[in-house]
**Student:** 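Structure in structure tokens, see below.
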There are 2 protein chains.
Amino acid sequence: MATFPTRGDKKEIEEGSDFAPKFDADGLIPAMAIDAETREPLMLAYMNEESLKLTLEKGEAVYWSRSRQEIWHKGATSGHVQKIREIRTDCDQDALVLYVDQIGEGACHTGRSGCFYRRVDLPETQLSFTEEGRRFDPDAVYGKK
Amino acid sequence: MATFPTRGDKKEIEEGSDFAPKFDADGLIPAMAIDAETREPLMLAYMNEESLKLTLEKGEAVYWSRSRQEIWHKGATSGHVQKIREIRTDCDQDALVLYVDQIGEGACHTGRSGCFYRRVDLPETQLSFTEEGRRFDPDAVYGKK
């Protein structure tokens with residue numbers, strides 16, 4: 001796989017047209033997946049260089065699982081792949097937004113459309129559900145855990 | 001300031017109503033700010049426990065600046081504060097989404113409405129601008145750097 005360009009100076013990074021992503025000390029860059037149709041945030045996960053390249057090659061979101069320490073092709077088990085519609089990077093190119101077509105019933109392993117299904121109620125800092133029910137049975141889709 | 005509840009087991013974290021955010025090894029949690037009106041992603045930054053508490057107290061986004069290693073009340077210099085409309089957390093409570101009313105012309109220090117103003121063109125991995133011009137003069141707003 002090709003490597004990404006060397007990161008230039010601040011002006012090149014912020015105003016240039018070279019995609020030169022910055023990976024942190026752990027070799028990771030955060031990626032927020034957003035439903036391309038509904039514009040709802042689906043999940044926030046991380047990519048290392050290899051998974052980002054795989055994402056670009058496959059046109060589907062491939063993350064790095066920090067808990068399992070392995071490449072994580074989202075949907076490989078569940079079928080709930082995320083087809084890449086568009087990728088954005090930010091000013092200093094150390095974060096990504098993925099606009100995706102979420103295949104299947106949802107992105108979240110809890111059975112919901114996305115992972116951000118609870119709102120923090122101020123000022124009590126208690127959570128309220130914004131998506132109470134489940135759209136699919138996680139045990140059936142991911143296997144009993 | 002009060003502390004957040006101790007994190008319980010997986011079921012409590014995912015299905016409970018206690019807000020028990022998880023901070024990473026550096027004491028940080030990523031927060032994606034999204035414009036509450038346009039639903040456009042504005043910026044991705046980080047909070048430590050203190051800045052998250054300040055955010056909840058003030059009702060305005062307060063981050064932790066990793067580059068300056070200090071509390072960063074967004075807009076304190078520029079006036080471009082982010083009024084918190086709603087905060088969401090994800091299934092394992094290690095990421096936040098902030099729906100904000102972005103005060104002023106924009107969130108990004110480059111003079112744009114948000115930081116994700118470039119699209120990665122596949123498969124060349126060149127960047128195209130989705131917001132070409134500037135909405136404000138960063139030198140005037142932030143001071144010459």
**Student:** Could you state the interatomic distance from NZ (B/Lys10) to OG1 (A/Thr110), rounded to the nearest 0.5 Å?
**Tutor:**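 One gets 9.0 Å once the value is rounded to the nearest 0.5 Å.
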**Student:** With the side chain counted from C-beta on, respond yes when A/Leu127 and B/Gln93 share a heavy-atom pair under 4.5 Å apart, and no when they do not.
**Tutor:**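 Yes - at least one pair of side-chain heavy atoms lies under 4.5 Å apart.
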**Student:** Less than 4.5 Å to any heavy atom of chain A: does that hold for the side chain of B/Glu14, its backbone, both, or neither?
**Tutor:**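 Both backbone and side chain of B/Glu14 come within 4.5 Å of chain A.
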**Student:** Are B/Glu131 and A/Arg88 close enough for a salt bridge, meaning some N to O gap below 4.0 Å?
**Tutor:**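 Here B/Glu131 does not pair with A/Arg88 in a salt bridge, since their nearest N and O are not under 4.0 Å apart.
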**Student:** By a 4.5 Å heavy-atom criterion (distance strictly below it), what part of B/Ser128 contacts chain A: side chain, backbone, both, or neither?
**Tutor:**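 For B/Ser128, there is no contact with chain A at all, as no heavy atom is under 4.5 Å.
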**Student:** Cluster question for you: counting only ILVMFWY and a side-chain heavy-atom cut-off of under 4.5 Å, with indirect links fine, are B/Trp72 and B/Leu52 together?
**Tutor:**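 Linked, B/Trp72 and B/Leu52 end up in one cluster.
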**Student:** Checking B/Ile34 against chain A: side chain, backbone, both or neither under 4.5 Å from a heavy atom?
**Tutor:**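 Side chain only.
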**Student:** Would you check if B/Phe129 and A/Glu15 make a side-chain contact, meaning some heavy-atom pair closer than 4.5 Å?
**Tutor:**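 Yes; the side chains approach each other to less than 4.5 Å.
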**Student:** Tell me whether A/Trp64 shares a hydrophobic cluster with B/Leu28, the cluster being built from Ile, Leu, Val, Met, Phe, Trp, Tyr side chains joined at under 4.5 Å.
**Tutor:**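 Looking at the clustering, B/Leu28 is in the same group as A/Trp64.
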**Student:** Is there a side-chain contact between A/Asp90 and B/Met43 in this structure, where contact means two heavy atoms from C-beta onward sitting under 4.5 Å apart?
**Tutor:**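 Of all side-chain heavy-atom pairs linking B/Met43 with A/Asp90, none is under 4.5 Å.
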**Student:** Do A/Ile103 and A/Leu54 sit in the same hydrophobic cluster, where Ile, Leu, Val, Met, Phe, Trp and Tyr count as joined when their side-chain heavy atoms come under 4.5 Å apart?
**Tutor:**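 Per the 4.5 Å side-chain linkage, A/Ile103 and A/Leu54 are not co-clustered.
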**Student:** Which one, A/Asp26, A/Asp92, A/Val97, leads in non-hydrogen pairs under 4.5 Å with chain B?
**Tutor:**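 Most heavy-atom pairs within the cutoff with chain B belong to A/Val97.
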**Student:** Pick from A/Arg118, A/Arg66, A/Glu86: which one has the most heavy-atom pairs with chain B under 4.5 Å?
**Tutor:**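 Going by pairs under 4.5 Å, I would pick A/Arg118.
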**Student:** For the hydrophobic clusters of this structure (ILVMFWY residues joined by side-chain heavy atoms under 4.5 Å, transitively), does one cluster hold both B/Tyr46 and B/Ile71?
**Tutor:**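 Yes; tracing contacts between hydrophobic side chains, which count when under 4.5 Å, links both residues.
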**Student:** Hydrophobic clustering (ILVMFWY, side-chain heavy atoms < 4.5 Å, transitive) - are B/Leu56 and B/Phe23 grouped together?
**Tutor:**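 Yes, one cluster joins them.
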**Student:** Side chain from CB out, backbone as N, CA, C, O: work out which of these in B/Glu40 comes under 4.5 Å of a heavy atom of chain A, or both, or neither.
**Tutor:**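 Side chain only.
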**Student:** Please tell me if the side chains of A/Ile87 and B/Arg119 come closer than 4.5 Å, counting only heavy atoms from C-beta onward.
**Tutor:**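 Counting from C-beta outward, A/Ile87 and B/Arg119 never come under 4.5 Å.
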**Student:** I'd like to verify something: which residue of A/Leu96, A/Thr89, A/Ile84 has the highest number of heavy-atom pairs under 4.5 Å with chain B?
**Tutor:**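 Option with the greatest count: A/Thr89.
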**Student:** Nearest 0.5 Å please: distance from the CG atom of A/Asp24 over to the CG atom of B/Asp24.
**Tutor:**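 The distance works out to 9.0 Å.
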**Student:** Heavy-atom distance under 4.5 Å to chain A: side chain of B/Asp94, backbone, both or neither?
**Tutor:**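 B/Asp94 touches chain A through side-chain heavy atoms alone.
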**Student:** Given the options A/Tyr117, A/Phe116, A/Phe19, which has more heavy-atom pairs under 4.5 Å with chain B than any of the others?
**Tutor:**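 Of the options given, most contacts go to A/Phe116.
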**Student:** Are side-chain heavy atoms of A/Cys91 and B/His109 found at a separation under 4.5 Å?
**Tutor:**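 Yes, side chains in contact.
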**Student:** Could you state the interatomic distance from CE (B/Met32) to CG (A/Leu44), rounded to the nearest 0.5 Å?
**Tutor:**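 Here the rounded value is 6.5 Å.
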